[in-house]
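All remarks here apply to the structure that follows.
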Protein chains: 2
Amino acid sequence: MRPPGTLHERVATQVRLRIRDGVYPVGAALPSESEMCAEFGVSRGPVRQAMAALRAEGLVTITQGRPATVRGRTPARGIATFTPFTRWVESTGRVAGNRTVEVARRRSPGAESVVEVVRVRLLDGVPAMLERSTFTEPVGTLVLGFDTDSGSITDFLIGAGVRFATIEHQLDAVAADPADAGHLGIEPGAPLLRERRVSRDEHGVAFEYADDRYRPDLVTFTLTSSG
Amino acid sequence: MRPPGTLHERVATQVRLRIRDGVYPVGAALPSESEMCAEFGVSRGPVRQAMAALRAEGLVTITQGRPATVRGRTPARGIATFTPFTRWVESTGRVAGNRTVEVARRRSPGAESVVEVVRVRLLDGVPAMLERSTFTEPVGTLVLGFDTDSGSITDFLIGAGVRFATIEHQLDAVAADPADAGHLGIEPGAPLLRERRVSRDEHGVAFEYADDRYRPDLVTFTLTSSG
DNA sequence: AAGTGGTCTAGACCACGCC
DNA sequence: GCGTGGTCTAGACCACTTG
């Protein structure tokens with residue numbers, strides 16, 4: 001086997017590259033499923049799985065009875081396809097930064113000790129999001145050994161072997177409290193977009209609880225769904 | 001054939017009902033795929049498609065090598081799997097209501113005429129969301145012939161043959177203006193979760209622009225992503 | 001070792017869009 | 001009518017988790 005990964009991943013990767021490079025221009029029809037089957041030497045199952053992934057990323061439009069067409073070249077800012085803040089900012093060609101407010105190990109009476117990190121996340125140098133994360137052990141100890149000003153905690157943990165099997169996101173809106181306002185440079189009471197996240201490992205055990213508050217004038221979440 | 005719909009839809013509906021009614025309690029293991037195949041008399045394909053839908057709705061957790069388990073009873077307010085407000089409310093066993101504030105046909109100078117609808121959406125009788133929708137023609141004329149107090153505009157339009165090929169969602173937070181506050185029974189300046197939607201047909205032509213403002217104490221958006 | 005879900009094949013029929 | 005994607009079957013092998 002030449003390339004790594006499953007068949008449907010290889011097909012998805014190839015088609016993604018061709019869309020990005022303009023081999024399949026925006027608005028153009030993609031090859032039919034049977035043509036892709038012939039080209040990649042696979043059956044319809046992997047091809048369909050790959051196309052479903054591209055549709056979820058907003059890259060293609062699929063309609064019964066007609067060829068799939070290219071919708072755009074760049075995937076939408078995925079909440080659905082989870083991307084850490086730093087990686088997302090850099091993928092849009094901007095500069096990400098971090099200002100750590102607090103790193104602490106805490107133990108509540110009768111509870112396990114946890115590690116708390118509070119950071120201001122910067123977008124081109126401007127405070128755009130206030131992140132409050134709580135890590136359980138043993139992940140918390142890993143975080144204590146990381147320079148939290150240097151970049152993505154998530155990417156660091158992935159590199160250390162931590163598996164983010166599922167991430168639950170909950171979105172709502174809150175009024176900025178005085179602490180939020182001070183760190184983000186806005187008025188107290190101003191509306192903020194709040195994303196609460198719970199990250200779990202492959203056993204379903206939660207190891208990170210996060211409360212991220214975004215300035216809605218600087219960051220919005222977008223996604224495309226197909227009906 | 002007794003029940004309507006495709007096989008994977010029937011399987012998904014049955015499992016959804018059993019989770020909602022506690023036949024499969026939260027945290028419990030679901031029957032294996034092969035058991036479901038035997039019970040419903042179908043092959044693995046439809047069963048897997050049904051389970052993938054339930055996972056996307058946040059109802060179940062699926063891990064390789066272990067049985068799927070029940071995560072929760074109520075599906076998340078689906079952004080990823082687009083569900084109209086009325087259908088979502090009723091799927092959680094609550095009562096949806098509508099109070100139409102305004103239905104109007106407008107024409108700006110040098111522009112096509114559009115139809116605007118402003119509605120308060122009720123959750124168990126409580127104002128939970130203020131919806132401002134703008135429809136282009138010819139869809140707008142269809143909307144004018146619909147009793148907007150009676151239920152879902154989206155489901156009405158789908159029944160009339162309108163195709164919602166893709167829906168783009170943009171989420172942020174805004175402060176309630178005096179009109180928002182009055183309709184939703186909150187203080188001006190209170191934070192609201194705003195969802196702006198653009199619906200397009202199969203040709204990529206937009207026909208609906210919506211601005212929905214949710215009370216964050218009554219409705220939040222959740223979704224689960226896998227890393 | 002046994003059972004689970006993840007992937008893949010090769011075939012079939014159906015619903016829909018287009019000519 | 002023809003080609004498209006949507007669904008479904010029956011079987012197979014693999015990766016993973018658990019006893």
Side-chain angles (χ1 to χ4, degrees), chain A residues 1 3-13 15 24 28-56 59-71 161 163 165-166 200-205 226-227, chain B residues 1 3-15 24 28-56 59-71 81 158 161-166 201-205 226-227:
Chain A
M1 56 184 102
T6 59
L7 293 185
H8 67 263
E9 282 172 349
R10 293 181 219 170
V11 174
T13 299
V15 177
Y24 301 147
L30 288 163
S32 71
E33 292 181 354
S34 57
E35 286 172 322
M36 293 193 193
C37 292
E39 178 190 346
F40 295 105
V42 300
S43 62
R44 274 185 79 195
V47 169
R48 287 185 60 74
Q49 199 167 345
M51 293 303 292
L54 298 187
R55 181 183 57 183
L59 286 174
V60 303
T61 302
I62 302 180
T63 314
Q64 184 173 93
R66 283 186 306 177
T69 57
V70 179
R71 167 167 207 68
R163 288 184 48 183
T166 63
R200 298 177 186 274
D201 63 17
E202 64 271 32
H203 306 292
V205 178
S226 47
Chain B
M1 58 191 96
T6 59
L7 292 184
H8 68 265
E9 283 171 349
R10 292 182 220 171
V11 173
T13 299
Q14 281 305 309
V15 178
Y24 301 147
L30 288 164
S32 71
E33 292 180 353
S34 57
E35 286 173 323
M36 292 192 193
C37 292
E39 178 189 346
F40 295 106
V42 300
S43 63
R44 274 185 80 193
V47 169
R48 287 185 61 74
Q49 198 166 345
M51 292 304 293
L54 298 187
R55 182 183 57 182
L59 285 174
V60 302
T61 302
I62 302 180
T63 314
Q64 184 176 89
R66 284 186 303 174
T69 58
V70 179
R71 182 196 286 291
T81 60
I158 291 174
V162 176
R163 306 250 316 249
F164 288 73
T166 62
D201 65 16
E202 64 270 34
H203 305 293
V205 178
S226 48

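Any value given below was found using the heavy atoms of this structure, including those in side chains, with hydrogens, waters and symmetry copies removed. Lettering of chains follows the sequences in order, A, B, ..., and the numbering in each one begins at 1.
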Going by salt bridge (charged side-chain N to carboxylate O under 4.0 Å, His left out), name the residues that satisfy it together with B:Glu35, two or more places apart in sequence or in a different chain.
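Salt bridge (charged side-chain N to carboxylate O under 4.0 Å, His left out) list for B:Glu35, sorted by chain: empty.
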Listed pairs under 3.5 Å, donor-acceptor, residues 40-53 of chain A side chains, sequence neighbours left out:
unit_1, atom_1, unit_2, atom_2, d
A:Arg44, NE, A:Glu33, OE1, 3.0
A:Arg44, NH2, A:Glu33, OE1, 2.9
A:Arg48, NH1, A:Glu33, OE2, 2.9

Respond yes when some side-chain nitrogen or oxygen of [X] is under 4.0 Å from OP1 or OP2 of [N], and no when none is.
X: B:Arg48; N: C:dG6; answer: yes
X: B:Gln49; N: D:dT7; answer: yes
X: A:Ser32; N: D:dT4; answer: yes

How long is the line joining [atom1] of [X] and [atom2] of [N], in whole Å?
X: A:Arg10; N: C:dC8; atom1: CZ; atom2: C1'; result: 12 Å
X: B:Arg66; N: D:dA15; atom1: CZ; atom2: C1'; result: 14 Å
X: B:Leu7; N: C:dA12; atom1: CG; atom2: C1'; result: 14 Å
X: B:Gln64; N: C:dG6; atom1: CD; atom2: C1'; result: 5 Å
X: B:Ile62; N: C:dG6; atom1: CD1; atom2: P; result: 6 Å
X: A:His8; N: C:dT7; atom1: NE2; atom2: P; result: 5 Å

With a 4.5 Å limit on heavy-atom distance, are the side chains of B:Thr69 and B:Val60 in contact?
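Answer no - side chains too far apart.
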May I ask you to say what A:Glu33 touches in the nucleic acid, namely base, sugar-phosphate or nothing, with a heavy-atom cut-off under 4.0 Å?
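Here A:Glu33 touches the backbone only, sparing every base.
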Look at the side chain of B:Arg44 against the base of C:dT7 and say whether a donor-acceptor pair falls under 3.5 Å; ignore hydrogens and angles.
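Side chain to base: pair present.
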On DNA chain C, compare the nucleotides closest to B:Gly65 and A:Val42; which residue's is nearer the 5' end?
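Comparing both residues, the 5'-ward one is B:Gly65.
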So which atom in A:Leu30 and which in A:Tyr24 form the shortest heavy-atom distance, rounded to 0.1 Å?
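Heavy atoms of A:Leu30 and A:Tyr24 come nearest at CD2-CD1, 3.2 Å.
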